[in-house]
Amino acid sequence: MEQHKTHRPAIVLSSGGLDSTTCLAIAKADGFSPIHSLSFDYGQRHRHELAAAQRIAGAFGVAEHRVITIDLAQFGGSALTGDGEIPKDRAGADMGAGIPVTYVPARNTIFLSYALAWGEVIGCNNIFIGINAVDYSGYPDCRPEFLLAFERMANLGTQLATETGRRYRMHAPLVHLSKAQIIQRGLALGVDYSLTRSCYDPAPDGAACGRCDACQLRRRGFAEAGVADPTRYA
């Protein structure tokens with residue numbers, strides 16, 4: 001068994017947030033090695049997450065961490081890449097009802113496509129993404145059916161899958177977990193959540209606003225998990 005696990009490379013999409021960091025910890029605990037992490041500077045207003053992703057990559061000792069620069073702000077369509085107002089103090093029921101203005105058009109499709117391309121180059125057919133369909137803000141690209149469709153496309157349209165028979169696998173270990181369950185799983189694996197950042201509208205010094213959807217879901221998750229929230233709020 002250990003010999004089988006010695007070379008199972010994986011690429012983990014890392015935003016610097018709570019979910020993707022837990023996903024990284026799970027990939028490592030499950031014996032994937034070497035692990036590569038991939039982040040994106042895509043014109044987001046909360047770019048503080050990139051520094052967090054860099055710290056997390058170092059803490060986990062990933063083989064390589066890359067930051068890809070793309071400009072999704074040129075298309076607009078999202079409060080995260082423009083000057084639109086970030087929703088604050090929304091009720092929990094409202095977060096899962098409809099797609100909010102913080103949705104970035106096709107973001108996960110684009111991010112996964114980059115991971116797919118990198119995977120072809122380095123011979124890596126395992127890609128991890130920390131999407132969640134329980135405690136999330138209604139994004140359509142955080143749903144299991146989206147990821148299954150992407151996996152099918154990957155295995156139809158890549159040289160790695162069609163010529164070598166090594167099929168791509170899209171891993172979403174958090175997809176059916178609540179935020180509290182994600183935190184509990186991460187703590188059991190030794191995740192230091194003080195390294196992570198989740199806020200959509202942080203203060204200039206990086207302090208979390210405590211009121212956006214991401215902050216509220218994070219706060220509620222720690223409360224329901226029964227552990228102290230290490231986040232620095234404004």
Side-chain angles (χ1 to χ4, degrees), residues 13-23 39-53 56 72-73 75-108 111 129-144 146 172 174-187 191-234:
L13 296 185
S14 176
S15 70
L18 186 154
D19 292 344
S20 67
T21 304
T22 307
C23 198
S39 301
F40 295 86
D41 183 351
Y42 60 93
Q44 67 270 47
R45 58 199 290 175
H46 55 303
R47 294 182 72 255
H48 64 96
E49 67 180 14
L50 294 173
I56 290 159
L72 297 185
F75 301 125
S78 173
L80 293 190
T81 57
D83 297 325
E85 186 175 350
I86 300 293
K88 301 285 180 67
D89 303 318
R90 294 208 302 162
D94 294 335
M95 293 184 199
I99 300 172
V101 296
T102 51
Y103 165 70
V104 180
R107 180 177 62 180
N108 281 346
F111 290 179
I129 181 171
I131 60 173
N132 175 261
V134 179
D135 285 339
Y136 74 120
S137 293
Y139 300 150
D141 54 0
C142 286
R143 297 170 181 163
F146 160 76
L174 313 181
V175 71
H176 296 301
L177 300 182
S178 69
K179 194 68 72 178
Q181 289 171 326
I182 292 168
I183 291 168
Q184 289 167 340
R185 182 74 188 278
L187 291 174
V191 173
D192 178 1
Y193 285 116
S194 70
L195 296 175
T196 67
R197 299 290 183 270
S198 300
C199 182
Y200 289 155
D201 193 23
D205 66 355
C209 74
R211 299 170 56 204
C212 67
D213 287 2
C215 280
Q216 288 202 73
L217 289 169
R218 182 182 175 108
R219 273 183 150 168
R220 189 176 73 194
F222 278 106
E224 292 178 354
V227 295
D229 181 355
T231 309
R232 183 171 62 90
Y233 293 103

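Bear in mind that the values here come from a model prediction, so they are computed numbers and not experimental data.
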Name all residues meeting the ring-ring contact (aromatic ring centres under 6.0 Å, His included) criterion together with Y193; count only those two or more places apart in sequence or in a different chain, and write none if there are none.
F222
Is there a side-chain contact between P202 and E49 (heavy atoms, below 4.5 Å)?
no
Using side chain to side chain contact (heavy atoms under 4.5 Å, CB included) as the criterion, point out the one residue from D19, N108, N132 that pairs with C142.
N108
All heavy atoms of G43 vs all of A73, minimum pair found to be O-CB, 4.3 Å
Can T21 and L195 be said to form a side chain to side chain contact (heavy atoms under 4.5 Å, CB included), step by step?
CA-CA 9 Å; T21 304; L195 296 175; over 6 Å; no
At what distance, to the nearest 0.5 angstrom, does OG of S14 lie from CZ of F111?
11.0 Å
Can you name the side chain to side chain donor-acceptor pair (under 3.5 Å) partners of Y103, sequence neighbours left out?
none
Hey, does P100 have a side-chain heavy atom less than 4.5 Å from the side chain of Y139?
yes
Correct closest heavy-atom pair for V104 and S78 would be CG2-OG, 3.4 Å
State whether the side chain of R185 and the backbone N or O of T22 hold a donor-acceptor pair below 3.5 Å, judged by distance alone.
no
Between CD of Q44 and CZ of R47, what distance do you get to the nearest 0.5 Å?
6.5 Å
What are the two closest heavy atoms between L217 and K179, and how far apart are they?
O-CG, 3.5 Å
Run the salt bridge (Lys or Arg N to Asp or Glu O under 4.0 Å) check on R107 and D141 step by step: do they pass?
CA-CA 8 Å; R107 180 177 62 180; D141 54 0; 5.3 Å; no
State which residues pass side chain to side chain donor-acceptor pair (under 3.5 Å) with T231; sequence neighbours excluded, sorted by chain then number.
R218, D229
Just do the salt bridge (Lys or Arg N to Asp or Glu O under 4.0 Å) check on R211 and D201 with the steps written out, would you?
CA-CA 9 Å; R211 299 170 56 204; D201 193 23; over 6 Å; no
Quick check: does any side chain N or O of H48 sit under 3.5 Å from a backbone N or O of A208, one acting as donor and the other as acceptor?
no
G16 to S20 - nearest heavy-atom pair and separation:
N-OG, 3.6 Å
Can you give me the closest heavy-atom contact between Y233 and A207, atom names plus distance?
C-CB, 4.0 Å
Restricting to non-hydrogen atoms, name the atom on H176 and the atom on P144 that form the minimum distance, rounded to 0.1 Å.
CE1-CG, 3.9 Å
Any I86 side-chain heavy atom under 4.5 Å of R45 side chain
yes
Nearest 0.5 Å, what's the CG-CG distance between L72 and D41?
10.0 Å
Please report the C-alpha distance between F75 and T81 in whole Å, then the side-chain angles of each, then the deciding distance to 0.1 Å, and finally whether the side chain to side chain contact (heavy atoms under 4.5 Å, CB included) criterion is met.
CA-CA 9 Å; F75 301 125; T81 57; over 6 Å; no
Let me confirm one number: the CD-OG distance from Q216 to S198, rounded to the nearest 0.5 Å.
13.0 Å
